[in-house]
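Reading through the structure tokens given below for one structure.
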Number of protein chains: 2
Amino acid sequence: MAKTRRERVRAETTIEIKEVALQQMAQQGAASLSLRSIAREMGMSAPALYRYFPDRDALVTALIVDAYNSLADSLEAANDGQDVGNYNGRFRAVAQAYRNWALAHPAEYALIYGTPIPGYIAPRDETVMPAARTNLVIGFILNEAAQAGKLTIPDAYFHASPDLQAVLDELAAMIPEEDVLSAGVLLTIYIFSRLHGLVWGELDEHFAPKIADSGELFEIEISEICDRLKL
Amino acid sequence: MAKTRRERVRAETTIEIKEVALQQMAQQGAASLSLRSIAREMGMSAPALYRYFPDRDALVTALIVDAYNSLADSLEAANDGQDVGNYNGRFRAVAQAYRNWALAHPAEYALIYGTPIPGYIAPRDETVMPAARTNLVIGFILNEAAQAGKLTIPDAYFHASPDLQAVLDELAAMIPEEDVLSAGVLLTIYIFSRLHGLVWGELDEHFAPKIADSGELFEIEISEICDRLKL
DNA sequence: AATAAAAAGTTTACACTGTTAACTAATTAA
DNA sequence: TTAATTAGTTAACAGTGTAAACTTTTTATT
């Protein structure tokens with residue numbers, strides 16, 4: 001049975017709230033998110049928003065989930081645009097897509113990886129799933145390349161203690177799609193953290209001015225990663 | 001001539017404001033910084049704080065400058081605790097000190113590298129200097145090791161375009177203490193960004209639960225960095 | 001020592017925030 | 001057509017940063 005008219009209009013309003021929120025965040029920074037301001041722009045009273053989100057944090061969580069999915073979509077699209085066997089191409093494309101998405105959606109990126117909303121703490125059980133999607137894109141590439149002998153995992157990543165090894169194995173076991181090496185899990189964590197450090201530094205302007213503008217800073221490090229992994 | 005009584009008490013009050021601010025941030029998160037709350041705890045009215053800081057942002061900037069200096073002090077102390085010629089030991093010690101400081105001062109770390117204060121944007125001219133101190137500690141180690149032939153800069157870092165090369169040379173020229181390789185500047189940026197990505201991921205809990213708790217995750221990546229650099 | 005000047009601190013007020021309670025208007029279901 | 005559900009309203013509370021006007025305390029000068 002089709003959705004009732006009421007359900008439809010409710011879903012539309014929910015989407016509009018999020019759209020206005022994103023738009024305002026894009027204009028005035030992620031921190032400027034304000035229920036009253038959203039309501040004002042939508043021509044309704046602020047408390048009315050509480051029919052759609054129990055409180056501000058719930059709206060933030062919804063925005064974060066959307067952002068994660070949007071990022072994951074971008075990464076997956078970049079991955080799918082390359083030949084499956086071209087691991088180097090897939091990795092480079094996904095890495096670039098990661099940076100591009102962050103530059104195109106700085107407010108959402110800050111929402112995901114920063115802490116721009118005072119007092120907000122992300123409820124892990126809601127955000128883990130969509131967050132994992134992004135990690136998996138890179139994880140699969142690296143793991144598949146490793147399995148195909150087209151990537152060399154650095155020696156240090158095989159020297160985890162039994163304790164850490166157990167945690168890694170547990171994580172690897174959670175992925176049914178492939179046979180995942182626990183050293184590959186470690187590698188994925190490190191690579192992702194590395195990409196994140198670069199992009200965050202660029203967005204938050206840790207680096208000297210102009211140095212990251214061109215994207216060459218990012219590209220060189222990607223090349224170094226590929227060199228190191230013989231990818 | 002000695003400072004007048006008034007100047008002394010003023011300096012003390014200024015320090016107390018910052019101390020209370022840090023203490024509250026440590027307890028309730030960096031975002032909870034509130035002038036009124038600080039004033040309340042100090043037993044004075046909120047507008048009185050404006051005699052010491054022109055506005056909230058100025059207080060935040062002062063806290064950031066202090067935090068940068070505190071971090072730099074820790075890194076320098078770690079560096080000085082090692083033999084000058086022991087580049088590997090110096091690098092490892094400084095890297096560990098970096099992580100330790102971040103774990104011991106999470107609110108200040110978030111203040112420096114995150115964006116926890118709504119609407120606040122750091123005035124570069126005030127923060128660049130103390131921020132540079134931290135970068136220089138690692139930069140010197142890497143550069144000295146490279147000059148001594150005890151470190152191999154990855155090939156990719158020598159392939160910057162003329163434009164980027166110019167920016168790097170400019171940066172290198174700003175450091176009169178040593179003969180700085182432009183590829184070394186690049187290396188320093190990358191290494192720092194990498195450390196930051198790791199620590200931020202640990203603090204902000206990007207990784208799976210428990211995975212970073214022991215510090216082994218960090219140590220393994222430090223080892224891999226040393227391996228890669230033949231350090 | 002008395003007085004003028006400067007600094008520090010106070011209260012009051014404004015505009016903003018998220019959120020709750022009580023109430024009304026609109027839509028859907030019986 | 002009536003009853004129930006949902007969506008939206010206004011009013012209010014507690015909190016925020018900050019400006020203006022005023023008072024108290026400390027220092028400097030006559």
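Order of the sequence lines fixes the chain letters, A, B, ..., with proteins taken first and strands second; residue numbering starts at 1 for each chain. From a predicted model like this one, the values you see are computed outputs, not experimental measurements.
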Quiz item: Considering heavy-atom distances to DNA chain C, does B:L49 or B:R6 have its closest nucleotide positioned more toward the 5' end?
Solution: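 It is B:R6 whose nearest nucleotide is closer to the 5' end.
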Look at the rings of [X] and [Y] and say which category their plane angle falls in: under 30° parallel, 30 to 60° tilted, over 60° perpendicular.
{"X": "B:H105", "Y": "B:W101", "answer": "parallel"}
{"X": "B:H196", "Y": "B:Y109", "answer": "tilted"}
{"X": "A:Y98", "Y": "A:F192", "answer": "perpendicular"}

Quiz item: Any idea which of C:dC23, D:dG17, C:dT19 is nearest the B:Y50 side chain?
Solution: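 My answer, after comparing the listed nucleotides, is D:dG17.
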Counting distance only, does the side-chain N/O of [X] pair as donor-acceptor with the main-chain N or O of [Y] below 3.5 Å?
{"X": "A:E41", "Y": "A:V20", "answer": "no"}
{"X": "A:Y190", "Y": "B:L217", "answer": "yes"}
{"X": "A:T115", "Y": "B:P116", "answer": "no"}
{"X": "A:N69", "Y": "A:V65", "answer": "yes"}

Any side-chain N or O of [X] under 4.0 Å from OP1/OP2 of [N]?
{"X": "B:Y52", "N": "C:dG9", "result": "yes"}
{"X": "A:S45", "N": "D:dT9", "result": "yes"}
{"X": "B:R10", "N": "C:dA7", "result": "no"}

Write down the distance between [atom1] ([X]) and [atom2] ([N]), rounded to a whole number of angstrom.
{"X": "B:E7", "N": "C:dA7", "atom1": "CD", "atom2": "C1'", "result": "12 Å"}
{"X": "A:R8", "N": "D:dA7", "atom1": "CZ", "atom2": "P", "result": "14 Å"}
{"X": "A:F53", "N": "C:dT20", "atom1": "CZ", "atom2": "C1'", "result": "19 Å"}
{"X": "B:R51", "N": "C:dA7", "atom1": "CZ", "atom2": "C1'", "result": "7 Å"}
{"X": "B:Y120", "N": "D:dG17", "atom1": "OH", "atom2": "C1'", "result": "16 Å"}

Practice problem: Indicate, with a heavy-atom threshold strictly under 4.0 Å, whether B:R56 touches base, sugar-phosphate, or nothing. | Solution: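 Contact class for B:R56: sugar-phosphate only.
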Exercise. Strictly below 4.0 Å, heavy-atom distances to any atom of DNA chain C: list the hits from residues 28-44 of chain A, or just say none.
Key: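 A:L33, A:S34, A:L35, A:R36, A:R40, in order of number.
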